[in-house]
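Everything quoted here is computed from the prediction, not taken from an experiment. Every chain is numbered from 1, with letters handed out A, B, ... down the list of sequences.
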Number of protein chains: 2
Amino acid sequence: MTATATREETGHEAPSARQQAVLDAVLALLVEEGDQLTMDAVARRASCSKETLYKWFGDRDGLLTATVRWQASRVHAGRDAGGPLDAESLRERLLDFAVSWLDVIAGRTSVVLNRIAIAHAGSRKGNLGAIVLANGRLAIGARVKPVLEAGRAAGLLAFDDGETAFRTFFGLVGRDIQIRLLLGDALELDATEIRRDAARAVDQFLALYGQAHP
Amino acid sequence: MTATATREETGHEAPSARQQAVLDAVLALLVEEGDQLTMDAVARRASCSKETLYKWFGDRDGLLTATVRWQASRVHAGRDAGGPLDAESLRERLLDFAVSWLDVIAGRTSVVLNRIAIAHAGSRKGNLGAIVLANGRLAIGARVKPVLEAGRAAGLLAFDDGETAFRTFFGLVGRDIQIRLLLGDALELDATEIRRDAARAVDQFLALYGQAHP
DNA sequence: GAAGCCGCGTACCGTACGGTACGGTACTGG
DNA sequence: CCAGTACCGTACCGTACGGTACGCGGCTTC
């Protein structure tokens, strides 16, 4: 193990540059070809041998898992900026989360990876689903909830349960978009539309949970 | 074609009793075994020959399609009762839709079928996704929207676009439930919880779109 | 520059599974 | 009683794909 090889807290080696290239090839293939991904195709596309693939990732599942992790590692939707919180900055931060989240779930990569993970969850031993869940729904929740709590502490929001409040936010933002995309609906979302959707969701959320500043 | 053999408007034969039994076997297998459904397993479970399977349904996709259609044909979540509309009955009908919808998406069968359809949408020629979409999200939308319109006509609701209003309703009801279940989250929903969730969603929807009766 | 390793390319193996063929049995109509 | 039909059970075929083996070229190390 070299000095530069960092470990994630979960105990997985960070992929080397070459390995990252392989994982990017998997993502590209997944996006282009749908989900009937073969090890042969990956090897061809990444210009590496199948043997190397198996050496690095163990088996097909390992490759898929590494790919999902790799994608997750560079999607940090709506990282909160911190700073003081007033009504305007609260709205702004929520809007930021909403836009980031919609950007993610509307992306081809996210759709394909979620499809893989969902199919995987249908078979036994589906930790892929758990990984996607942890880096998607759960991660965004973990980031939004503190903001909501801060909003409550500042007297800008009123709710009993932060989890419930967040789930409402989640529902208002995502609505039917993700399931439609997963099921193959052609639904095109450009940036302006996403921004408008996000703004509407935030408005609705604040209408439900907001309080006039005391 | 016998006199009793009805056709759906889409032009598909209604399955015979024996065929229905086969499709039920498929559903059972799907629920029990996850989604690695083989034609052999179906034939064994349904006590029929593979040849018959192919004769009746064409190929594996045809069998899957017929199964999805068959399930869809007996799920009519939240059929509207009609009748006069005041604030109370509007709330009641929306609650009814919400409960039915949650019942459906929380069911094992729905989860498995959605998984199949989503995986299918990832490959080419995925009409399965379209079918599930048509009988799920789109069907419920088609039933709820008239109620919303009626509510608006009665001065109980205020909105510009019925589609947008419905999608908000959809988001408030479903929130993160469907994606979590699809990804394999263990999320258990009993009847009382569903009722509570549905009631909260309807309250929130009415808070956003309701109007005091003029 | 020899030794050794890494990894590419390719050929190969085993098996699971979609799809087909065929014989045997029960039922129906003439 | 004899076609004809429907359908069950099972054996079979072809292929796609996960996984393995092996030879060869290029890079590092001493």
Side-chain angles (χ1 to χ4, degrees), chain A residues 1-5 13-26 28-30 32-68 115-116 119-120 122-128, chain B residues 1-5 13-26 28-30 32-68 115-116 119-120 122-128:
Chain A
M1 180 179 322
T2 72
T4 55
E13 301 275 350
S16 70
R18 182 73 181 94
Q19 289 170 340
Q20 290 177 13
V22 171
L23 298 180
D24 282 331
V26 172
L29 230 33
L30 244 23
E32 291 167 22
E33 301 293 331
D35 65 353
Q36 73 286 30
L37 180 86
T38 71
M39 299 299 275
D40 259 310
V42 173
R44 224 174 311 121
R45 174 66 163 253
S47 293
C48 70
S49 76
K50 280 170 70 177
E51 190 163 22
T52 303
L53 248 33
Y54 284 101
K55 182 173 182 180
W56 284 347
F57 303 105
D59 58 6
R60 188 173 181 275
D61 259 25
L63 178 61
L64 252 24
T65 305
T67 303
V68 168
R115 283 203 184 118
I116 298 277
H120 202 89
S123 326
R124 305 296 179 230
K125 58 190 276 246
N127 47 346
L128 264 196
Chain B
M1 183 179 316
T2 73
T4 56
E13 299 276 350
S16 70
R18 183 73 183 97
Q19 290 170 337
Q20 290 176 13
V22 171
L23 298 179
D24 281 332
V26 173
L29 231 33
L30 245 23
E32 291 167 23
E33 302 293 331
D35 64 354
Q36 72 286 29
L37 181 87
T38 70
M39 299 299 274
D40 259 310
V42 172
R44 224 175 309 123
R45 174 66 163 253
S47 293
C48 72
S49 75
K50 280 170 68 177
E51 189 164 23
T52 303
L53 250 30
Y54 285 101
K55 182 173 182 182
W56 284 347
F57 304 105
D59 57 6
R60 189 173 182 276
D61 260 24
L63 178 60
L64 253 24
T65 304
T67 303
V68 167
R115 283 204 185 117
I116 298 279
H120 202 89
S123 327
R124 305 293 181 234
K125 56 188 278 241
N127 47 346
L128 264 196

Query raised in the report: For the pair made of CG in B/Leu53 and P in D/dT10, what is the distance, rounded to whole Å?
Result: 15 Å

Query raised in the report: Is the phosphate of D/dC8, meaning OP1 or OP2, less than 4.0 Å from a side-chain N or O of B/Thr52?
Result: yes

Requested in this report: Return the value, rounded to whole Å, for the distance between atom CZ of B/Arg45 and atom P of D/dC8.
Outcome: 16 Å

Requested in this report: Measure from CG on A/Asp61 to C1' on D/dC17 and round the result to the nearest Å.
Outcome: 14 Å

Query raised in the report: When we call it a touch if two heavy atoms are under 4.0 Å apart, what does B/Leu37 touch: a base, just sugar-phosphate, or nothing?
Result: sugar-phosphate

**Report entry** Whole angstrom value for the distance that separates C1' of C/dT20 from CG of B/Asp59
**Finding:** 14 Å

Query raised in the report: Do B/Glu33 and B/Arg45 meet the salt-bridge criterion of a basic N to acidic O distance under 4.0 Å?
Result: no

Requested in this report: Kindly say if B/Arg18 contacts the phosphate of D/dC8, meaning a side-chain N or O under 4.0 Å from OP1 or OP2.
Outcome: yes

Report task. Consider the side chain of A/Lys50, meaning its heavy atoms from C-beta on, and name the nucleotide among C/dT20, D/dG19, C/dC6 that approaches it most closely. Result -> D/dG19

Query - Among A/Asp40, A/Val42, A/Thr38, side-chain contact (heavy atoms from CB on, under 4.5 Å) partner for A/Lys50 - result: A/Asp40

Query raised in the report: If you measure from CG on B/Leu64 to CG on B/Leu30, what distance do you get to the nearest 0.5 Å?
Result: 7.0 Å

Report summary line: Closest to the side chain of A/Ser49, out of D/dA6, C/dG9, D/dG9, is C/dG9

Query - Nucleotide nearest B/Met39 when distance is taken to its side chain, options C/dC6, C/dG18, D/dG18 - result: C/dG18

Requested in this report: Report the distance from atom CZ of B/Arg60 to atom C1' of C/dC17, rounded to the nearest whole Å.
Outcome: 9 Å

Report summary line: Side-chain atoms of B/Thr38 come closest, of D/dA6, C/dC17, C/dC6, to C/dC17

Query - Between C/dT20 (P) and B/Lys55 (NZ): distance, integer Å - result: 14 Å

Report task. Write down the distance between CZ (B/Arg44) and P (D/dC7), rounded to a whole number of angstrom. Result -> 21 Å

Query raised in the report: Once you round to the nearest 0.5 Å, how far does OH of A/Tyr54 lie from CE of A/Met39?
Result: 4.0 Å

**Report entry** Selected nucleotide, minimal atom distance to A/Trp56 side chain, candidates C/dG19, C/dC17, C/dG7
**Finding:** C/dG7

Report task. Answer yes or no: is there a side-chain heavy-atom contact under 4.5 Å between A/His120 and A/Arg115? Result -> no

Query raised in the report: For C/dC8, does OP1 or OP2 lie under 4.0 Å from any side-chain N or O of A/Ser47?
Result: no

**Report entry** Between P of C/dC13 and OH of A/Tyr54, the distance in whole Å
**Finding:** 17 Å

